[in-house]
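Comments concern the structure below.
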Amino acid sequence: MPVVSAQILSRLASTVDRVEAERIAALAAGIGRGHRTELDRMAGSARHREDRFQIAFDNAPVAIGIGDRAGHLIDVNQRFAEILGVPIAELRLISSVRELTQFLHPDDRGDIDELVFGRLMVERQGAIRLERRMMRRDGSLGWSAFTVTYVPGIERHHDYLLYLGEDVTERHLLEEELHRQARHDALTGLPNRRQLLEKIEAVIDTAGDDDKIGLCFADLDRFKEINDRYGHSFGDRVLAGVALRLSDSLADFVCLPARLGGDEFVALVPPPDVDRKVAEIAERMLSSVAQPIIVDEHRVRVSISIGAMIEPCAKAEAEKLLDAADRGLYRAKLGGRDQWVLHAPDTAPDRPVTRANAANPEFLILDPPT
């Protein structure tokens with residue numbers, strides 16, 4: 001516009017007298033000065049925008065990375081470097097986006113290339129979200145979540161990839177802790193009923209046609225008398241002591257001891273060689289409480305009864321297996337306590353195998369330990 005205006009004013013000046021020509025020349029000069037001022041203002045505004053962008057980029061609370069379609073890493077900000085646990089100067093020496101996978105856990109690297117360069121680059125649109133484990137420089141393990149967006153270029157600008165990420169380690173740790181709490185007994189620390197059923201179902205899902213599963217369902221004999229006489233707090237400490245004994249006694253077996261609730265405990269015996277292991281585990285469980293449990297200054301003598309069960313895994317149902325083991329426990333108690341009763345596929349339900357571990361003791365609180 002200023003050029004066209006100057007041309008028109010120049011032609012007009014040649015047709016008027018000197019005074020008017022001077023006025024037209026002054027007007028043209030004014031237009032020129034105004035145009036130069038506008039150009040300077042626009043350039044300054046652009047520089048200000050760039051400065052503001054750089055400040056925001058460098059100080060953003062989220063990780064920001066920019067890469068081009070050729071796979072080159074153009075730039076990253078400070079937060080990006082902090083999430084990966086490396087100095088930003090070192091990170092900016094990396095030339096390829098693909099090299100960033102070196103900071104991921106080896107098991108989490110496999111599909112990155114396909115998702116970013118085999119999907120986004122081909123489709124040239126959209127975004128993908130990646131949540132992966134990180135191997136930090138100090139050896140610690142963390143979690144990061146990144147959204148990679150394909151950004152088409154405007155006018156003369158090239159297309160590029162925008163990486164926005166955050167450290168989600170704390171969220172994963174919280175989720176893991178909630179998962180652990182949901183599957184462990186708060187009093188004893190043993191796996192609870194929920195985890196036990198999940199483990200039984202996992203055994204069933206991976207078992208062969210001829211595989212068997214074993215369960216040893218136990219509870220304390222006459223435990224109600226402990227609670228009634230000495231209170232539930234004292235009883236809880238007895239249960240914690242029994243749980244520790246059971247867990248220690250089975251430490252060298254491939255099995256899962258769990259607490260269902262109250263004074264009920266279960267040991268899951270997965271294949272193979274279940275027939276032999278069930279007998280050994282049941283005997284270990286009985287023997288684990290042969291010596292008194294120490295609670296404060298008291299020695300508490302307790303015993304347990306066990307209903308053991310061996311069943312084929314194929315097409316079994318976890319809840320039904322637990323119910324069968326519970327019925328075996330009932331038969332054990334009918335037989336005199338402090339013993340275990342086995343129900344196996346080749347054993348008639350009304351003729352269980354019974355093995356006594358010791359004479360049935362009465363519940364006793366003994367003298368304080370010396």
Side-chain angles (χ1 to χ4, degrees), residues 181 183-197 215-250 255-268 278 281-309 319-343 349 352-369:
Q181 291 180 9
R183 287 160 178 79
H184 286 81
D185 175 56
L187 175 64
T188 65
L190 290 178
N192 61 11
R193 182 187 186 91
R194 180 176 181 176
Q195 184 178 168
L196 176 65
L197 289 172
L215 292 170
C216 295
F217 199 124
D219 75 356
L220 272 66
D221 299 326
R222 308 169 70 117
F223 179 69
K224 184 176 183 298
E225 296 182 20
I226 295 178
N227 280 336
D228 291 345
R229 190 179 303 182
Y230 297 99
H232 288 275
S233 178
F234 188 91
D236 284 348
R237 282 177 284 174
V238 172
L239 289 173
V242 171
L244 182 60
R245 293 279 190 88
L246 290 174
S247 182
D248 288 346
S249 71
L250 303 178
C255 69
L256 179 76
R259 182 192 178 208
L260 296 189
D263 61 334
E264 295 180 335
F265 298 88
V266 174
L268 165 63
V278 162
I281 287 172
E283 293 289 352
R284 286 281 191 95
M285 294 173 73
L286 288 177
S287 300
S288 69
V289 293
Q291 297 300 317
I293 303 293
I294 306 299
V295 178
D296 296 333
E297 73 277 12
H298 301 292
R299 292 184 297 162
V300 184
R301 179 173 292 173
V302 297
S303 65
I304 59 176
S305 297
I306 301 171
M309 181 229 43
E319 289 282 4
K320 289 184 177 180
L321 291 175
L322 268 184
D323 290 342
D326 192 12
R327 290 192 295 271
L329 170 63
Y330 177 73
R331 291 195 296 271
K333 287 191 173 294
L334 288 178
R337 299 189 177 91
D338 194 25
Q339 62 179 354
W340 67 279
V341 173
L342 173 66
H343 174 72
V353 177
T354 303
R355 299 181 183 179
N357 181 61
N360 184 31
E362 291 296 320
F363 160 69
L364 293 173
I365 296 288
L366 303 177
D367 294 331

- Message: Quick check against the 3.5 Å criterion: does R284 have a side-chain atom that pairs as donor or acceptor with the backbone of L250?
- Response: no

- Message: I want to check something: taking the side chain as every heavy atom from C-beta on, are H184 and N192 in contact at a cut-off of under 4.5 Å?
- Response: no

- Scanning both residues in full, the closest heavy-atom pair of P191 with L256 reads CG-CD1, 3.6 Å

- Minimum heavy-atom distance between L342 and M309, given as atom pair plus value: CD1-N, 4.4 Å

- Can you find a pair of side-chain heavy atoms, one from W340 and one from E283, that are under 4.5 Å apart? yes

- Message: Using every non-hydrogen atom in the two residues, find where I281 and C216 come nearest and quote the distance to one decimal.
- Response: CG2-SG, 4.2 Å

- Note on the structure: Rounding to 0.5 Å, atoms CD (Q291) and CZ (R301) come to a distance of 8.0 Å

- Can you label the angle between the H298 ring and the F234 ring as parallel, tilted or perpendicular, going by 30° and 60°? perpendicular

- Query: Can you name the salt bridge (charged side-chain N to carboxylate O under 4.0 Å, His left out) partners of R245, sequence neighbours left out?
  - Reply: none

- Query: If you measure from CD1 on I226 to NE2 on H232, what distance do you get to the nearest 0.5 Å?
  - Reply: 12.0 Å

- SG on C255 to CE on M285, rounded to 0.5 Å: 8.5 Å

- Residue list, salt bridge (charged side-chain N to carboxylate O under 4.0 Å, His left out) with R237, at least two apart or on another chain: D296

- Straight-line distance of R194 CZ to L196 CG, nearest 0.5 Å: 13.0 Å

- How many angstroms lie between atom CG of L268 and atom CD of Q195, to the nearest 0.5 angstrom? 10.0 Å

- Message: Could you go through I304 and L286, starting from their C-alpha distance and side-chain angles, then the distance that decides it, and tell me whether this counts as side-chain contact (heavy atoms from CB on, under 4.5 Å)?
- Response: CA-CA 6 Å; I304 59 176; L286 288 177; 3.8 Å; yes

- Message: Any heavy-atom pair between the side chains of L190 and L246 that's under 4.5 Å?
- Response: no

- Identify, with sequence neighbours excluded, every residue that meets side chain to side chain contact (heavy atoms under 4.5 Å, CB included) alongside D263. D219, L220, F223, L239

- Roughly how far, to the nearest 0.5 Å, is the CG atom of D338 from the CD1 atom of I306? 9.0 Å

